Every structure is written in structure tokens, then in C-alpha cells.
Amino acid sequence: MSEPQSRLVLADADTGKVHLLDLLTERATAIADVGRDMRGITGDGRFAYLDAGAGGLRVVDGGAWAVDHGDHFHYYRTTPRDLGTIAGRPPYETVADTATTVVRSGDGTVRLLDRARMEKGELAETGTRNAAAAVPYRGRLLVAEAGAVRVEGGDDVGACEDAEGTAVTRRGVVFGCADGALLVGEKFKGVKIRNEASEGDRAKEFRHRPGSSTLVAKAGDQGIWVLDVAARTWRLLKTGPVVAVNAVGEDGPVLSLTEDGVLHAHDPATGKETAATKLLATPLTGAPAIQVDTSRAYVNDPAGKAVYEIDYNDDLRRARTFKPGFTPTYMTETGR
């Protein structure tokens, strides 16, 4: 296709149904029924992974994706479909490259799935491991265990105690560690980016726009951590506690939601608030999230049964409001 085929996968915890909202046509279509024990959702740009509690991890093909060629993207679409369930124990972490999808269960079991077969509609395991974290990268598997990150079948690339949280950027893979983060670059050399935060305030779950090297994470009740992978620096934005957070990218704002239903934009370099808008119905319910692509942000409002499209380059202007006719408890974006 000539343009991004952006879609939102929306899950209604009240009914267990999963819908696909096409952002080009503005139509919502039911594509799966996961059951009422849903606990969350993650995505990798094409597939959505729904935590079905004791029912395992349900996988849905969003039917839209983008391929990054460095200086340009190619965009694709196909028929969305429900692929079925992966056994496991919540919470789940998922990360993928062009060949392998990694699913880590809460008990430390790591399952490797054949990506090509997933694209054909089949969930096919190619192996299992046990690790604190695992990320496929440049045809290899990076594994965090026993206080270090190593290339499977090779040497350690760096120390990383209590590994938790990962992110894949154009500059390499980031692992969250007790003393900051470990960046593993394309030559599989690890560089520590230190941050002596306390256990309650350390970064454990990174968010960023796909392709960007600016990462953000909650900093306990203090606010937001901003990790500039290119500059290899941390900055603490003392905003106070936030419900959700994401980063637009280099020279773009950090976006956050607070309990009062307000969406905020902060300058990642100075920490200054540059815009704010009351957005969500309160008291908050469900799991409000912020999804970011190259031009827009999307925020689900479970209490208000709405999804908002935000122009983050125009003082958080509300560009569109979607009323899908159900509760969008959980949300992820595909087609990016």
C-alpha cells in the first residue's frame, strides 16, 4: 500500500470481545472472543497479544504492518484473523523481529515462535528457554539470566542484575537493569547506561514510538524517566505519578496521562510542560494507554467508551473522536 494502514486492536473486558478499528475507514469489526478474564494487551506492530488470564495468551493478526528499510517504509495489509492461544502464566512479555516472536511467561518460561508461520496463520513453537528476558536481534537471541546478558551460544555482552523490561531501537536493544540499562548494539557489544534509582523508582517497562531511540518509563510516584539511547543519558521528569506514558521520539514531546484524566506533553530535554488537555472521563476505569505513531497519538477512554486521536504537534489538539459502541478497555496499534 502507498500509505500506513493504521488500525487499533481494542478489547472489551466486559464482554471478552476483541475488535479492530480501521483508522482509514473508521469502522470497527469484531475479530475474536477471548473471554472475560482479560488482563491486558501488547502488540508488535502487526500482531496483538491478549492476556486471557488462566486461558493463556491469545494472538490476533491485526492484518496491517510496516517494514522499515532505514530511509523509507513499505506498508502492507491482509485479512485480520484470530490465531489461537499460547499456553503460559501471566504476566506476559512479547517481542519480535522478522524471523522470531518471543513470548515470556510470568514463570520465566520463554517460548520461541516461527514468525513466518505466524504470518500464515499458525502458532508454531521452535523452542523454549528459561530466562529473565529474551530478545531476538539480527538473527541471534539475546538472553538475560544470572546477572548478565549474553548472545545465546556465545559470550556475555554485559552485566545486568535483575533484568526487567526491554526495548528494540535502531541503535540496539535496551535491557532494564537494577543499576540502569544495558544497550546492546549491532556488533553485540554491551554499554551500560547507569541510573542509580531506588528499586521502587527504577524503570521496568519502556515505551516509545517504533523506530525511535527516546524511551520513557514510569518512575514510581516521582514521575517519568526519559532514556536518550543516542546520548546514553537518563533524565527524570518530576511530574508526579502517571497512569500511562509514551514518547514521540527525538525532538518530540513526552506524553502522559494522570488520574484526573488530563493528557500532558513535556519537553524531554527540559522537563517543561508544553501542553495539557482534559481528555478522559473520571474516575478512570480499565487500562487507559497512549499509542504513538509518526503523526498522531491514540488514547483509549474506557470510562467514556471512546478513543481519541491526538495531534501531538498541535498542542494536543483532539483530531478525531471514535465512539466504537463498546468499552475499549485495552488498546494497541498495528500497521506501524
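Model, not experiment: these values are computed from the prediction.
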Should Lys17 and Asp33 be marked as a salt bridge (charged side-chain N to carboxylate O under 4.0 Å, His left out) after you check the CA-CA gap, both sets of side-chain angles, and the distance that decides it? CA-CA 4 Å; Lys17 295 188 182 299; Asp33 189 341; 3.6 Å; yes
Please test Gln5 against Leu24 for side chain to side chain contact (heavy atoms under 4.5 Å, CB included), starting from the C-alpha separation and ending with a verdict. CA-CA 7 Å; Gln5 303 297 297; Leu24 298 181; 3.6 Å; yes
Salt bridge (charged side-chain N to carboxylate O under 4.0 Å, His left out) assessment of Arg117 paired with Glu119: CA-CA 5 Å; Arg117 292 169 72 176; Glu119 293 169 354; over 6 Å; no
Determine, stepwise, if the pair Val60 / Ile31 fulfils side chain to side chain contact (heavy atoms under 4.5 Å, CB included). CA-CA 8 Å; Val60 172; Ile31 54 174; 3.2 Å; yes
With side chain to side chain contact (heavy atoms under 4.5 Å, CB included) as the test, would you mind laying out the steps for Leu113 and Thr100 before giving the verdict? CA-CA 6 Å; Leu113 303 176; Thr100 304; over 6 Å; no
Carefully, step by step, assess Arg194 and Asp179 under the rule salt bridge (charged side-chain N to carboxylate O under 4.0 Å, His left out). CA-CA 6 Å; Arg194 295 194 178 277; Asp179 57 353; 2.8 Å; yes
Asp293 vs Arg209, test: salt bridge (charged side-chain N to carboxylate O under 4.0 Å, His left out). Steps then yes/no. CA-CA 6 Å; Asp293 58 31; Arg209 177 177 59 78; over 6 Å; no
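Judged as a ring-ring contact (aromatic ring centres under 6.0 Å, His included), and not counting sequence neighbours, Tyr75 has no contacts. For the salt bridge (charged side-chain N to carboxylate O under 4.0 Å, His left out) test, residues two or more places apart in sequence or in another chain that qualify with Asp44 are Arg115. A search for salt bridge (charged side-chain N to carboxylate O under 4.0 Å, His left out) contacts involving Asp14 returns nothing, not counting sequence neighbours.
Not one N or O on the side chain of Thr274 forms a donor-acceptor pair closer than 3.5 Å with the backbone of Asp267. Distance alone, capped at 3.5 Å, places no donor-acceptor pair between the Ser105 side chain and the Gly108 backbone. Put simply, the side chain of Asp301 gets close to the backbone of Ala281: a donor and an acceptor are under 3.5 Å apart. Judged by distance alone, the side chain of Lys278 and the main-chain N or O of Leu280 form a donor-acceptor pair under 3.5 Å. Listed for the Asp97 side chain is a donor-acceptor partner under 3.5 Å among the backbone atoms of Ala99. Counting only distance, with no hydrogens or angles, the side chain of Asp114 and the backbone of Ala116 share a donor-acceptor pair below 3.5 Å. Arg104 places a side-chain N or O within donor-acceptor distance of the main-chain N or O of Ala131, the cut-off being under 3.5 Å. A donor-acceptor distance shorter than 3.5 angstrom exists from the side chain of Lys218 to the backbone of Val243, with no hydrogens or angles considered. At least one donor-acceptor pair closer than 3.5 Å links the side chain of Thr270 to the backbone N or O of Lys272. At least one donor-acceptor pair under 3.5 Å links the side chain of Trp225 to the backbone N or O of Asp201.
If you chain together hydrophobic residues whose side chains sit under 4.5 Å apart, Trp65 and Met118 never meet in one group. Hydrophobic clustering (ILVMFWY, side-chain heavy atoms < 4.5 Å, transitive): Val226 and Val245 are in one cluster. Taken together through direct or relayed side-chain contacts under 4.5 Å among Ile, Leu, Val, Met, Phe, Trp and Tyr, Phe206 and Val168 form parts of separate hydrophobic clusters. Cluster membership for Val95 and Phe47, using ILVMFWY side-chain heavy atoms within less than 4.5 angstrom, is not shared. Tracing side-chain contacts under 4.5 Å through hydrophobic residues (I, L, V, M, F, W, Y), one never reaches Tyr308 starting from Met331; they form parts of separate clusters.
Residues Lys305 and Lys323 have side chains not in contact (no heavy-atom distance under 4.5 Å, counting atoms from C-beta outward). Inter-residue side-chain proximity for Leu50 and Val18 is flagged as met; some heavy-atom pair is nearer than 4.5 Å. Side-chain atoms of Ile193 and Leu227, non-hydrogen and from C-beta on, do get closer than 4.5 Å to each other. For the pair Val59/Thr85, no side-chain contact is recorded, criterion being any heavy-atom separation below 4.5 Å from C-beta on. Counting only heavy atoms from C-beta outward, the side chains of Val110 and Asn130 never approach each other to under 4.5 Å. Using a 4.5 Å heavy-atom cutoff, the side chains of Val229 and Thr214 are not in contact. Side-chain atoms of Arg7 and Leu21, non-hydrogen and from C-beta on, never get closer than 4.5 Å to each other. Taking 4.5 Å as the limit, every side-chain heavy atom of Glu93 sits out of range of all side-chain heavy atoms of Val103.
The two residues Asp37 and Ala54 have their closest heavy-atom pair at OD2-N, 3.5 Å. Between Gly286 and Thr329, the shortest heavy-atom contact is CA-CG2, 3.8 Å. Contact record, Gly43 with Tyr49: CA-CD1, 4.2 Å, taken as the closest heavy-atom pair. Val242 and Gly223 make their closest contact through CG2-O, 4.4 Å (heavy atoms, listed as atom of the first residue, atom of the second, distance). Residues Ala52 and Val34 approach most closely at CB-CG1, 3.5 Å, considering heavy atoms. Annotation for Leu141 and Pro136: closest pair CD1-N, 3.9 Å, computed over non-hydrogen atoms.
Arg58 has a carboxylate O that lies under 4.0 Å from a charged side-chain N of Asp82, or vice versa, which qualifies the two as a salt bridge. Using a 4.0 Å cut-off between a side-chain N of Lys or Arg and a carboxylate O of Asp or Glu, Asp311 and Arg318 do not qualify as a salt bridge. A salt bridge links Arg77 with Asp22: the distance from a Lys NZ or Arg NE/NH1/NH2 to an Asp or Glu carboxylate oxygen falls below 4.0 Å. Remark: Arg320 engages Glu26 in a salt bridge, criterion side-chain N to carboxylate O under 4.0 Å.
Residues Tyr330 and Asn300 have side chains that never bring a donor and an acceptor to within less than 3.5 angstrom of each other. For the residue pair Thr239/His264, the side-chain donor-acceptor check at 3.5 Å is not satisfied. If you check the side chains of Thr42 and Thr94, you find a donor sitting under 3.5 Å from an acceptor. Between the side chains of Tyr298 and Gln291, no donor N or O sits under 3.5 Å from an acceptor N or O.
For Glu205, the CD atom sits in a loose shell: 12 or fewer heavy atoms of surrounding residues, nucleotides or ligands are nearer than 6.0 Å. More than 12 non-hydrogen atoms from other residues, nucleotides or ligands lie less than 6.0 angstrom from CG of Asp314. Surrounding CG of Asp155 are at most 12 heavy atoms belonging to other residues, nucleotides or ligands under 6.0 Å away. Taking a 6.0 Å sphere around CZ of Arg129, one finds it holds more than 12 heavy atoms contributed by other residues, nucleotides or ligands.
The CG atom of Asn246 sits 8.5 Å away from the NE2 atom of His208 when rounded to the nearest 0.5 Å. Distance check, rounded to the nearest 0.5 Å: CD1 of Ile310 to OG of Ser295 gives 12.5 Å.
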